[in-house]
S.K.: 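Here it is: the structure, laid out below.
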Amino acid sequence: MAKRLQSTKELLSLQEKIGASRDPEQKVVSVCAGTGCCAYGAKKLAEAFASSIEGHGLEGEVALRLTGCHGFCERGPLVVIHPEGTFYQRVQLDDVDEIIEKSVQAGEVIERLLYADAGGKTYEHEKDVPFYKNQQRILLANNGLIDPTRIEDYLAIGGYRALAKVLDEMEPEEVCAAVKASGLRGRGGGGFPAGVKWESCRAAHSPDGVRYVICNADEGDPGAFMDRSLMEGNPHLVIEGMIIGAYAIGMPGKPKGYVYIRNEYPLAVERLGIALEQAREMGLLGEKILGSELDFDIRINKGGGAFVCGESTALMASIEGEVGEPRAKHIHTVESGLHDLPTNLNNVETWANVPLIIDRGVDWFTSIGTGDVSDNPWGGSKGTKIFALVGKVNNTGLVEVPMGATLRHIIYEIGGGIIGGKKFKAVQTGGPSGGCIPEEKLDLEVDFDRLTEVGSMMGSGGMIVMDESTCMVDIAGYFLHFLADESCGKCVTCREGLKQLCIIIDRIREGKGREGDLTLLQDLGETIAEASLCALGQTAPNPLRSTLKYFREEYEEHIRNKKCRAGVCKALIRYSIDAEKCTGCLICARKCPQECISGEKKKPHVIDQDKCIKCGVCMDVCKYDAVCVE
Amino acid sequence: MEPPDDKTVRFQINGRSHEGTRGESLLAAIRRHGYEVPSLCYHEAVSPYGACRLCLVEVKRGRRQKLTTSCNYPLQEGIEVFLDTDRVVRHRRTILQLLLAMAPEAEELRSLAAEYGVEDTPFVTDEEHADNACILCGLCNRVCNEVVGAHAIAFAGRGLHKRMESPYDDVAEACIGCGACVFVCPTSCIGIEETEQMRRILKWHRDLPMQKCAACGRPFAPTFQIMHFADKIGVERSHFDRCPDCR
Ligand SMILES: Cc1cc2nc3c(=O)[nH]c(=O)nc-3n(C[C@H](O)[C@H](O)[C@H](O)COP(=O)(O)O)c2cc1C
Ligand code: SF4
Ligand code: SF4
Ligand code: SF4
Ligand code: SF4
Ligand code: SF4
Ligand code: FES
């Protein structure tokens, strides 16, 4: 690859050269090679395209590009034909030759492979598909356009231009001030203004001038994958953000960089490793970056995967080789963090915003989002946020919207509404310790402060949509168990408190709830939230407290009437067969794992309640809606 | 931040002015001035850990007032501390109830709980705890590491499976049998037994032969402990042949 760049000038002229050599009319078959699409066989698909291009004698004419995640993983593997932008979904090996012949060579559109919405309407271009059309993609914009293993692709779209600008035109203090003025708040969950953190870390005393600049890529929420997608799809964006941060926070001095990334993200680790190596080769990392005074490199630190290791102090302990356990933050990590030195930790998505803010300007960034941050970085939420939309919506995937987009917009316009036309019940935001937000708050304008106000949080950016078939007591119990299992166990309130919450909520789920249990849950939840050491314990009661607030009647029904209206809590439900509707088709009897359904062919069947384990299989398999649950 | 120094700071407790040293444990400062705050995981000889959450106080700094544990709060100029506010007491009672569910028989805990009017716990006592009153305060481990220097025991497991153990729950080979951990344990759950020949630290599965005094013949300390100290302070091991009385 190219030689080490000695100056920002050399970088800019290289960019120009690459830009000029690219033909906008070039035919490109772009195959999504994100983790999701790879799971559906995207790698094999790409190989098939390669040999088909060759087989049709099109090498040189048609390029094949493997890109990062497009965010619509549910529809994978995804293939886009450029320059037309024709968007094919659920592409199979058998479709490859047809795509090359019809679509690439003859310019026809293969209707069958287009995305069709719930109403059957098809869309030819990615940008018109409602899932994408209703988003505002600035961070994910290039995920589908560049090959993340080729730094030239990133340079071709103006990559590292922001770094050049910073080195040429801005003092480190000015960079901090710009980030502060942009109102960028931490995307790792807490929403702390990044510029304020940078300035404190910059101002903190460091004996040798060493300051750590760390990227939190632990992404412990099992439902979230925006950080993974950014690293897999556009790793240089994150790296560029960190280099700019190192300059702003650590110069003059000796900034040192780390990316703390979970071991379960092998593809992201690989792509990031390749990108770092390329950046080093080109002189964008290492000594005298682009001929400036800045010496900075980034090391990858692989984490073991415990949820709590994403917490800032636990993460630093883990990099030091200690047990990943949080400590009290009365002395901030910006003053005394990794190895007791000033440390600035930001999330992947936070870092990814930095080059865009520098490149396009503070005014552009503050024009997106809510509130007014002109004299107070806490005054609003600026820029976009990526959410991992999952659950009972028609379209699931990564969704990037401006701060302030309503829940309704995200769930109905982008998500395409509730599956099967069922009734919406709640949406949980922020990962396992987020709150459940009810229907009457669907017009909430999603930003850091509005989510906190309704008892939830931005958290990891997870967004789980639930419909009427979800039991809110059951779901609260599910998250409480997750968090109890992920507690580091250091403090009594979190370890013992969550354990006791689980015990109480389990007995309610089993129909053994007692009068007084709700008060007990409420009071204990409050103590855990207020008296625990780290944010895991402090936020863990959110799913409980929000459901107690918005869905209290469901708890009461479980305790007093021994009833689960959603038909979920096994101890409180009973399956039976409606003799009127049953056709005696025998299917349920054959599928029942307990063999407890009996009846003759073409005669109504019955369930032996004593043997039934309430697995629900009979209901799933009956084609005549004859099995009911109450 | 300025480099650390030992400057005196002024602060308030329940509205009264007091002095202390910047950065010292707020709990230590509060107690030195004669106020009481309960604690189970703090000892002035070792570093604070923040596990039991009993030492809660409210601290006002600038305009913000927040609940915090005092043991690990570094004292700062101008803070206002409030002890036993309604909020503190309410949470402390709940925490005592949680602890009682872990160690229903522990004396020190029971009497502390009684001071707060907590006689009983509404929470379920785990069978796991039936014969294990350890509340995972970590004091034994910090005393062993920081004071004794033996590093014989440590936390194992995480979350609900966290335990205080000798390595692999087998014989703590590094344990010198000094008994310091037994002394600080708030629930008396470590256990020590002593005979003419042997000192046993039960929880760490450690049996140590006793050294007999070369003069009076009385067993006075585990041999291993004596050797550890002799090596540590750099005197001949033979110096400790006799018991302190006969030396
Ligand atoms: C239990 C727990 C888990 C966390 N996990 C993550 C994580 O996976 N990724 C992340 O960026 N931040 C995580 N955080 C937040 C970090 O502590 C920290 O606030 C954040 O990385 C700071 O970066 P930001 O200001 O850019 O958001 C977690 C916090 C807690 C309490
Ligand atoms: S709140 Fe939970 S996760 Fe955090 S330190 Fe305490 S026990 Fe560990
Ligand atoms: S719920 Fe499961 S066990 Fe019960 S009758 Fe239906 S299939 Fe059989
Ligand atoms: S599957 Fe439905 S229709 Fe068929 S026997 Fe069972 S209940 Fe009757
Ligand atoms: S008795 Fe053993 S474990 Fe206890 S403090 Fe002494 S050396 Fe450590
Ligand atoms: S054994 Fe005693 S001192 Fe050690 S952690 Fe358990 S309760 Fe604390
Ligand atoms: S004494 Fe402060 S938390 Fe235990």
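Residue numbering restarts at 1 for every chain, and letters A, B, ... go by the order of the sequence lines. Note that the structure is a prediction, hence the values are computed from the model and not measured.
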S.K.: Let me confirm one number: the SG-NZ distance from Cys137(B) to Lys490(A), rounded to the nearest 0.5 Å.
M.R.: 12.5 Å
S.K.: Could you please state which residues from residues 42-72 of chain B sit under 4.5 angstrom from chain A, measuring non-hydrogen atom to non-hydrogen atom, sorted by number, or 'none'?
M.R.: Tyr49(B), Gly50(B), Ala51(B), Cys52(B), Arg53(B), Leu56(B), Lys66(B), Leu67(B), Thr68(B), Thr69(B), Asn72(B)
S.K.: Could you tell me which of Ile135(B), Leu99(B), Leu136(B) has the largest number of non-hydrogen atom pairs under 4.5 Å with chain A?
M.R.: Leu136(B)
S.K.: Is any residue of residues 30-38 of chain B within less than 4.5 Å of chain A by heavy atoms, and which ones?
M.R.: none
S.K.: Is there a side-chain contact between Leu160(B) and Ser487(A) in this structure, where contact means two heavy atoms from C-beta onward sitting under 4.5 Å apart?
M.R.: no
S.K.: Is the CG atom of Asn263(A) crowded by more than 12 outside heavy atoms at less than 6.0 Å?
M.R.: yes
S.K.: I'd like to check Arg495(A) versus Met102(B) (side-chain heavy atoms, cut-off strictly below 4.5 Å). Are they in contact?
M.R.: yes
S.K.: Given a strict heavy-atom distance threshold of 4.5 Å, which part of Arg507(A) is in contact with chain B: side chain, backbone, both, or neither?
M.R.: side chain
S.K.: Among residues 90-98 of chain B, which ones touch chain A with a heavy-atom distance under 4.5 Å?
M.R.: Arg90(B), His91(B), Thr94(B), Ile95(B), Leu98(B)
S.K.: I need the contact set between residues 518-536 of chain A and chain B: heavy-atom distance under 4.5 Å, sorted by residue number.
M.R.: Leu520(A), Leu524(A), Glu526(A), Thr527(A), Glu530(A), Ala531(A), Ser532(A), Leu533(A)
S.K.: Using a cut-off of under 4.5 Å for heavy-atom pairs, which of Asp485(A), Thr493(A), Ile503(A) has the most such pairs with chain B?
M.R.: Thr493(A)
S.K.: Does Glu325(A) pair with Arg158(B) as a salt bridge, N-O distance under 4.0 Å?
M.R.: no
S.K.: Step through the shown structure and confirm whether more than 12 heavy atoms of other residues, nucleotides or ligands are within 6.0 Å of OH on Tyr478(A).
M.R.: no
